[in-house]
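This is the structure, below, for whatever I ask next.
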Amino acid sequence: MSEKFSVLQCIRCGATYEATEVRYRCDCGDLLEVAHDLERLRFAFPDMRKRFAARAGSTQFPYASGVWRFHEMILPDLPMADIVSKPEGNTNLYRTAKLSRAFQTDRLYLKHEGENPTLSFKDRGMTTGVSWAKHLGMKIVACASTGDTSAAMAAYAAQVDDLRGVVFLPHNKISPEQLAQAIAYGAVTLALDTDFDGCMRLVQQVAERYPIYLLNSMNSLRIEGQKSIGLESIAQLGWRVPDWFVIPVGNAGNISALGKGLREAYALGVIDRLPRIAAIQAQAADPFFRSYQTGFTERIFVTAEPTLASAIRIGAPVSHDKAAKVVAEFDGVVEEVTEAELMDAKALADRCGVAVCPNSGVALAGLRKLRAQKIIEDEQTVVAIMTAHGLKFSQVGVDYHTGAMSALPPHHVNAPLVLPADMAAIVDALQLENGR
Ligand SMILES: *Cc1c(COP(=O)(O)O)cnc(C)c1O
Ligand SMILES: [Zn+2]
């Protein structure tokens with residue numbers, strides 16, 4: 001038995017491996033997860049909630065981080081000296097009368113993960129992933145990505161001496177905003193003449209044969225950092241557990257992390273009950289929703305169609321099994337939304353002063369549907385997880401408001417008024433009345 005608090009454990013056959021082994025899958029082929037010895041943790045760190053609460057608002061390394069504030073629950077064996085943090089987390093939890101009215105949910109909170117350093121929640125996973133790479137003495141980290149994962153990995157690798165970040169991107173298939181972060185942070189950026197799946201295959205092949213640490217979401221160390229989204233939200237609510245979390249689902253790593261964190265916090269006595277979880281997908285890429293409709297007796301794969309929620313355009317979610325377990329355990333529901341619904345929901349949140357991405361719009365549109373169906377009830381407290389900032393996907397927003405998406409059709413359009421530089425034209429356009 002290991003001296004350590006944590007091992008890697010297969011989610012199917014239960015086989016365990018040292019957490020310091022560079023390994024992404026079990027010998028049986030299934031996914032691994034970081035399994036913590038919760039009994040020992042409970043004994044070693046009594047009154048864990050008090051510990052976490054005492055670190056609120058800290059400005060000190062590493063507890064200024066919304067991830068490492070929960071160190072004992074994240075990676076208890078990781079020495080402080082190996083922590084690579086920006087810091088990340090401590091994102092705002094928005095509750096305003098306008099948002100409540102817009103989404104007809106009185107006790108609605110938006111957890112804005114777009115307020116992380118590279119503008120998405122992926123930073124929470126990369127602080128643990130890159131810290132572990134440093135702990136293992138790796139010299140190269142790599143990932144395939146078309147956006148947020150590569151931005152976060154490049155940013156964290158850039159903080160470590162002698163650590164090279166390598167990003168596998170499909171050439172000419174990503175937006176300037178997505179490319180900008182990876183190259184600015186100095187990652188070796190391989191623009192390959194293939195698609196995302198091609199990049200994924202190649203990065204895995206290279207990582208199998210060379211000493212490269214793979215930081216795609218099959219790396220279970222990333223999940224540990226992402227657990228902090230749920231924990232931090234609950235801490236912000238004065239340690240009151242909401243009735244619901246609503247979360248968009250693509251590769252299903254984030255919902256797996258949410259569930260794992262809540263399950264462990266409950267076992268450790270950090271929280272006193274469990275919430276329900278609503279997983280929302282875009283109709284264009286809805287394998288998890290379709291599997292749910294079979295009661296998860298069947299696992300359905302789809303060819304993901306184009307969607308404005310491009311971060312969740314995935315037909316074969318890697319973490320399907322973990323996520324299905326979370327839905328079962330948390331009395332969860334899975335819903336799907338159309339392109340028009342997700343864009344209108346995004347625009348509505350923007351209009352309330354909280355700029356979110358189309359993937360976040362998926363969660364918000366799902367919330368509206370679940371409220372209409374009365375599955376989420378009037379008096380219930382809801383935390384909706386906004387996964388990235390609106391400005392990471394600015395062209396989508398401009399297109400929506402300038403009529404380039406008239407096919408949808410949009411309901412909250414606010415196009416710029418192109419006018420002559422003329423006082424009368426301005427007064428006319430603003431429909432100003434005389435007098436003051
Ligand atoms: C990665 C990502 C998601 C999807 O998370 P999964 O873990 O793949 O389900 C959603 N939104 C944004 C903005 C992302 O970057
Ligand atoms: Zn196994």
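We count ligands from 1, going down the list as the structure has it; atoms in each ligand are counted the same way.
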| message | Within a 6.0 Å radius of atom CZ on R164, are there more than 12 heavy atoms belonging to other residues, nucleotides or ligands? | response |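 At most 12 heavy atoms, drawn from other residues, nucleotides or ligands, come within 6.0 Å of this atom.
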
| N/O donor-acceptor pair under 3.5 Å between D195 side chain and G198 backbone | yes

| request: Identify the protein heavy atom lying closest to atom 10 (C) of ligand 1, giving its residue, its atom name and the separation to 0.1 Å. | output: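 Residue, atom and distance for the closest contact: I312 CG2, 3.5 Å.
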
| field | Atoms in ligand 1 flagged as close to D148, the criterion being non-hydrogen separation under 4.0 Å | value | 12 (C), 13 (C), 14 (C), 15 (O)

| said: Closer than 4.0 angstrom, basic N to acidic O: yes or no for K325 and E329? | reply: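 No, no charged N to carboxylate O under 4.0 Å.
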
| query | Using 4.0 Å as the upper bound for N to carboxylate O, is an ion pair formed by D243 and R273? | reply | yes

| task | May I ask whether A252 has any heavy atom positioned less than 4.0 angstrom from an atom of ligand 1? | result | yes

| task | Taking all non-hydrogen atoms of both residues into account, name the closest pair between D82 and K134 and its distance. | result | O-CD, 3.8 Å

| field | Atom indices of ligand 1 within 4.0 angstrom of K122 heavy atoms, with elements | value | 1 (C), 2 (C), 3 (C), 14 (C), 15 (O)

| said: Can you confirm whether the side chains of T91 and E113 place a donor and an acceptor under 3.5 Å from each other? | reply: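 On atom types as modelled, these side chains qualify, holding a pair under 3.5 Å.
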
| If we only count N/O pairs under 3.5 Å, is Q226 in contact with ligand 1? |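 Between Q226 and ligand 1 (N or O atoms, distance only) the closest approach is not under 3.5 Å.
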
| field | Protein heavy-atom partner closest to atom 7 (O) of ligand 1 - residue, atom, separation in Å | value | N254 N, 2.8 Å

| said: Looking only at protein heavy atoms, which one is nearest to atom 5 (O) of ligand 1, and what is the separation? | reply: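 Answer for atom 5 (O) of ligand 1: F121 CZ, 3.5 Å.
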
| Under the side chain to side chain contact (heavy atoms under 4.5 Å, CB included) criterion, do F296 and D321 qualify, and how do the steps go? | CA-CA 9 Å; F296 290 119; D321 290 348; over 6 Å; no

| field | Contact atoms of ligand 1, heavy-atom distance to N359 under 4.0 Å | value | 11 (N), 13 (C)

| note | Here the vertex angle at the Zn ion (ligand 2) for SG of C28 and SG of C26, given to 10°, is 110°

| task | Provide, to 0.1 Å, the distance between atom 11 (N) of ligand 1 and the closest protein heavy atom, together with that atom's residue and name. | result |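 Nearest neighbour among protein heavy atoms for atom 11 (N) of ligand 1, to 0.1 Å: T387 OG1, 2.8 Å.
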
| Counting from 1, what ligand 1 atoms have a heavy atom of G253 closer than 4.0 Å? | 6 (P), 7 (O), 9 (O)

| Worked check of ring-ring contact (aromatic ring centres under 6.0 Å, His included) between H389 and H112 | CA-CA 8 Å; H389 201 282; H112 201 344; 5.5 Å; yes

| Ligand-side contact atoms (ligand 1) for residue partner N251, heavy atom cut-off under 4.0 Å |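 Reading through ligand 1 atom by atom, the close ones are 6 (P), 8 (O), 9 (O).
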
